[in-house]
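Below is one structure, written out as structure tokens; the observations come after it.
Since this is a predicted model, take the numbers as computed values, not measurements. Along the sequence shown, residues are numbered consecutively beginning with 1.
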Amino acid sequence: VRLGFRMARGLAEAHGAALVASRGEHPYGTIDELWRRARVPVAALERLAEADAYGSVATDRRGALWAIRALNDAPLPLFAAADKDGPPQPEAPEPAVQLTPMRPGRTVVEDYGAVGLTLREHPVWFLRDTLRAQGMTTCAALDQLRDGRRVIVPGLVLVRQKPGSAKGVMFITIEDETGIANLILWPSVFERQRRLVLTTGMLACHGRVQHEGGVTHVITERLEDLTPLLRQVGEQEWTPATGRGDEARHGGTPDARQNPKHKAVLDLHTPRDIYAPERLSNGIKVETRDFR
């Protein structure tokens, strides 16, 4: 499955059109070549890198962002003149750099931050062992359970519906890596957990299975907010240094390396995965469809 440029958040339509027009019948070989052929701002290339759109030039999200950092919207005149007589040439040789690969969970988080979805593993897949240990089932398994059985089913919230003709009943659709589940909330349940219902990105439904007319629902008795658990997908495995190593002599004063002006020094003392060359998203945020 290939996603269009329109899916990349922050990418202007004009810049996407310029990339397609300049490509023509000659695919881009490198990011540097793409930049100078399409003549789009570096910021536009960054939006594409965040969306992991450079697979055709054999580089991933992190490698692309690293390469783009070497570019500048004002190319050097000498190299701009040289490009007129042949194919674009890089302005400066870049030494090969071995970047720390992004973990699968972090890659999925960044997909949601830049595109709003992922073509990789479903976020709930990364949490399945934890959910199973808590006695939670999958959405796909609901069809195999007997009518009336009590279950706990977790998932990302996709749709909230509260039709005017439903007399206050709310319908919620959730999704995990196996499929979707339809939840029914009676008015008393909705009012009791109104804030959670309207704000949570991932929940666990405690309720009873109902099979009726060939359709399976879960009659909700209680909802549990699993958003804190969802934030664990792609969390950093490293813990940054909390202060200087010479506090015995100089006391516990604020660490000057925490000042952004001294980031180059900070990088020497901090695991490189924390200050990696990408803007890390704060977590997975699913855009729900609400009809109320």
(message) So, applying side-chain contact (heavy atoms from CB on, under 4.5 Å) with Leu226, which one of Leu131, Leu156, Thr200 is it?
(response)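 Result for side-chain contact (heavy atoms from CB on, under 4.5 Å) with Leu226: Leu131.
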Is the shortest heavy-atom distance from the side chain of [X] to the side chain of [Y] under 4.5 Å?
X: Asp111; Y: Arg120; result: yes
X: Leu3; Y: Val115; result: yes
X: Glu50; Y: Arg9; result: no
X: Leu185; Y: Gln193; result: no
X: Asp147; Y: Gln210; result: yes
X: Val20; Y: Phe5; result: yes
X: Leu71; Y: Ile31; result: yes

Taking [X] for the side chain and [Y] for the main chain, is one N or O donor matched with an acceptor at less than 3.5 Å?
X: Asp176; Y: Cys139; result: yes
X: Thr178; Y: Ala140; result: yes
X: Tyr28; Y: Glu33; result: no
X: Thr227; Y: Gly201; result: yes
X: Arg47; Y: Ala8; result: no
X: Asn182; Y: His217; result: no
X: His15; Y: Ala38; result: no
X: Thr220; Y: Cys205; result: no
X: Arg208; Y: Gly148; result: no

(request) Mind checking the CZ-CE spacing from Arg231 to Met202? Nearest 0.5 Å is all I need. (result)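 Those atoms lie 12.5 Å apart.
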(request) Answer yes if the side chains of Arg160 and Thr288 hold a donor-acceptor pair under 3.5 Å, and no otherwise. (result) yes
(request) Go through the steps to decide whether Glu177 and Arg128 satisfy the test salt bridge (charged side-chain N to carboxylate O under 4.0 Å, His left out), and finish with yes or no. (result) CA-CA 9 Å; Glu177 75 276 23; Arg128 181 53 59 189; 2.8 Å; yes
(message) If hydrophobic clusters are built from ILVMFWY residues whose side chains come within less than 4.5 Å, do Val40 and Val57 share one?
(response) yes
(message) Testing the basics here: between Ala64 and Thr59, what is the closest heavy-atom pair and its distance to 0.1 Å?
(response)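 That would be N-OG1, 3.3 Å.
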(request) For Leu45 and Tyr54, run side-chain contact (heavy atoms from CB on, under 4.5 Å): C-alpha distance rounded to whole Å, both residues' side-chain angles, the deciding distance at 0.1 Å, then the answer. (result) CA-CA 10 Å; Leu45 302 185; Tyr54 291 104; 3.4 Å; yes
(message) For Arg192, I'd like to know if atom CZ has over 12 heavy atoms of other residues, nucleotides or ligands within 6.0 Å.
(response)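 Yes, CZ of Arg192 has more than 12 neighbouring heavy atoms, counting only those of other groups under 6.0 Å.
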